[in-house]
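Naming convention: chains lettered A, B, ... in sequence-line order (proteins, then strands); numbering from 1 in each chain.
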Protein chains: 2
Amino acid sequence: MIDARLITLRVFARCGTIGATAELTGYSPSAVSAQLRELQRVLGMQLLTKDGRGVRLTATGRFLVAGSDPLIAQWESLRAAAMEAGDQVQLHFGLGGFSTAAAQLLAPLAATLRSTRPLLEVQVLEADPARCFDLLIAERIDLAVIVAMQSDTYGEDDPRFEQTVLLDDPLDVIIPGDHPLASRETATLEELASEPWITAGAGSTYHSLFTAAFTAIGVTPRIAHEAVEWETHIAFVGAGLGVGLLPRLAPLQGAENVVRLRITGKAKPTRRIVAAVRRGSIASPLIQESLGILQVNANRILSARLEDDL
Amino acid sequence: MIDARLITLRVFARCGTIGATAELTGYSPSAVSAQLRELQRVLGMQLLTKDGRGVRLTATGRFLVAGSDPLIAQWESLRAAAMEAGDQVQLHFGLGGFSTAAAQLLAPLAATLRSTRPLLEVQVLEADPARCFDLLIAERIDLAVIVAMQSDTYGEDDPRFEQTVLLDDPLDVIIPGDHPLASRETATLEELASEPWITAGAGSTYHSLFTAAFTAIGVTPRIAHEAVEWETHIAFVGAGLGVGLLPRLAPLQGAENVVRLRITGKAKPTRRIVAAVRRGSIASPLIQESLGILQVNANRILSARLEDDL
DNA sequence: ATCAATCATGCACCTATTGTGCAGGGTAAT
DNA sequence: ATTACCCTGCACAATAGGTGCATGATTGAT
């Protein structure tokens, strides 16, 4: 119910460029440009200034964007309360998440919702955590399952979101089958410190997890290779190119010549998996139900592990 | 920036019928109907139910409308703060008021604004107090100058508005020039209690002022005639049909055979003239400036009276 | 009981908002 | 200087959203 042009402005405040805003919102750059111009006209405010070859928010623009956070939250909250009060049915629901989460948590959620709410059209978008937040701002999705990250752009207590912890997913090490430690059940990071490591590209979510794990024990690992998909990681390890970290949730699915070991010792790196929604919307019955389903699934995974560990 | 369809819903909540909503918002009934249907669709809520030959808000609808009050206020507040912070210029400004106020207070205000803000397009709508509030809700006007009234629909502390007292305008009596009291300067209501009275139609703002004045002294006046315009009141009095009340602000403008007397005694009826704006918008620089101008004019009127009284 | 009045809504039609795609112009980087 | 990048203006197209009239349903009056 908040004017779409204001949403566009908020997305622009995140992206900084018209082009990126267009990509994120699904409009063309011309449309974004025209929308923002129109917004300035109806409000009688100058929100943008030319800045080099791009445009930049004015002080007024930044003020408006910052001030609109509580407005959005209040609307979400009102909408949620009305849905709750009226026992109404929602007809569209956008979910976002990264690959493993999408597979392990979002897919079952979507399936369950499809059966409990036949009228609901569920849409799942695979996207990395940062983009998930962007998509939440752009109102392209309503709920995201992501790896918690303390990036410089989105904090845990960002006024635009509310986050709920789903589960802590520990990282295992994967090593080649012919590695000296391959017959072990567990290993410490220190034991593997001098190995050639395979990691994700700098800037990705996993890279920061990776470096955090090693700075915790005061070691700078030697990075031999970079891979994007877990499947590639595993293949690299299987080819004997080095060792790597693999989240417990990511399946090893019959890989040749790769062994997975639990990490013990002081540094036990984990990734925290959280659900994020726009602030205010958490009271919505659909969100509540979804969070419940996610939590149940997360607990199922956790208890399966406990049995596994016995 | 709040979706126009939500505004329409709010207006409907006031009016109760699609037709009245259309009239107030300036749309056609079909458009209002379509808008509300579309609103229900995008929100996935049932807001209206058939009720006889009309429609009625559902519980969800009422909930949503009530909950949207703070949302609107917050937006107005944000908008005002941004205008203030950015020193921006507004380009449209809608004013509303009833006849005397429009003439005595709104006209000078509009004139002043036209000179201080050449870019601003000022629009004045003449409407009675109740309709002014409706027009504020419908966002057709931004500021209204009205007679304070404790009607059943709009209270002084309505969450949708903020009101500022401009001046208290005393009511005088007007009597025919050949009346026994015509040579006096003042009179009490009691002295005139048995006269035939001329008043406004039941339901109008002035009618309630009129009755309030007489219930204060415990008298039920005999109502001889009803008139809408002050000019008609005056003409009736001039024709010797009875006596009437006339606000000090309303000019007697060379009427034949009519004398105006100040009212003294226990009951000194006055009408309180206030400015009303949508809640939150009062911090806007344009509103602030306008209220200042109105206040200056009101004080000018008051001091002119003081001189007059000497 | 009939008739008229009152309301909402569906439909055909139209307008104008709002979108796209491409060309152009200004600015920074190589 | 050349290239690459980003925003914007323009012609054009889609479509959301408007009006007016006819229709159907319901209430109140004659």
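Summarising the geometry, the separation between CD1 on B:Ile18 and C1' on C:dG10 is reported as 14 Å, rounded to the nearest angstrom. In this structure, the CG atom of A:Asp51 is 11 Å from the P atom of C:dT27, given to the nearest Å. The separation between B:Lys50 atom NZ and C:dC7 atom C1' is 10 Å, rounded to whole Å. Atom CZ in A:Arg53 sits about 6 Å away from atom P in C:dA29, given to the nearest Å. At whole-Å resolution of the value, CD in B:Gln40 and C1' in C:dA8 are 13 Å apart. Rounded to whole angstrom, the span from the CZ atom of B:Arg37 across to the C1' atom of C:dT9 amounts to 7 Å.
For the pair A:Thr25/A:Gln35, no side-chain contact is recorded, criterion being any heavy-atom separation below 4.5 Å from C-beta on. A 4.5 Å side-chain heavy-atom check between B:Leu36 and B:Val55 finds every atom pair outside the cut-off. B:Ile2 is not listed as a side-chain neighbour of A:Trp75, based on a closest heavy-atom distance of 4.5 Å or more. Counting only heavy atoms from C-beta outward, the side chains of B:Leu78 and A:Phe63 approach each other to under 4.5 Å. Counting only heavy atoms from C-beta outward, the side chains of A:Glu76 and A:Val277 never approach each other to under 4.5 Å.
Using a 4.0 Å cut-off between charged nitrogen and carboxylate oxygen, B:Arg131 and B:Glu23 count as a salt-bridge pair. In summary, B:Arg10 and B:Asp69 engage in a salt bridge, as defined by a charged side-chain N under 4.0 Å from a carboxylate O. Salt-bridge check for B:Arg279 with B:Asp158: failed, with every basic side-chain N at 4.0 Å or more from each acidic carboxylate O.
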Are any protein N/O atoms closer than 3.5 Å to N/O atoms in nucleotides 18-22 of chain C? If there are, list each pair with its distance.
| unit_1 | atom_1 | unit_2 | atom_2 | d |
| --- | --- | --- | --- | --- |
| C:dG19 | OP1 | A:Gln35 | NE2 | 3.0 |
| C:dT20 | OP1 | A:Ser28 | N | 3.4 |
| C:dT20 | OP2 | A:Ser28 | N | 2.8 |
| C:dT20 | OP2 | A:Ser28 | OG | 2.5 |
| C:dG21 | O6 | A:Ser30 | OG | 3.0 |
| C:dC22 | N4 | A:Ser30 | OG | 3.4 |

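The outermost nucleotides of DNA chain D lying under 4.0 Å from heavy atoms of chain B, listed 5' to 3', are D:dG18 to D:dT27.
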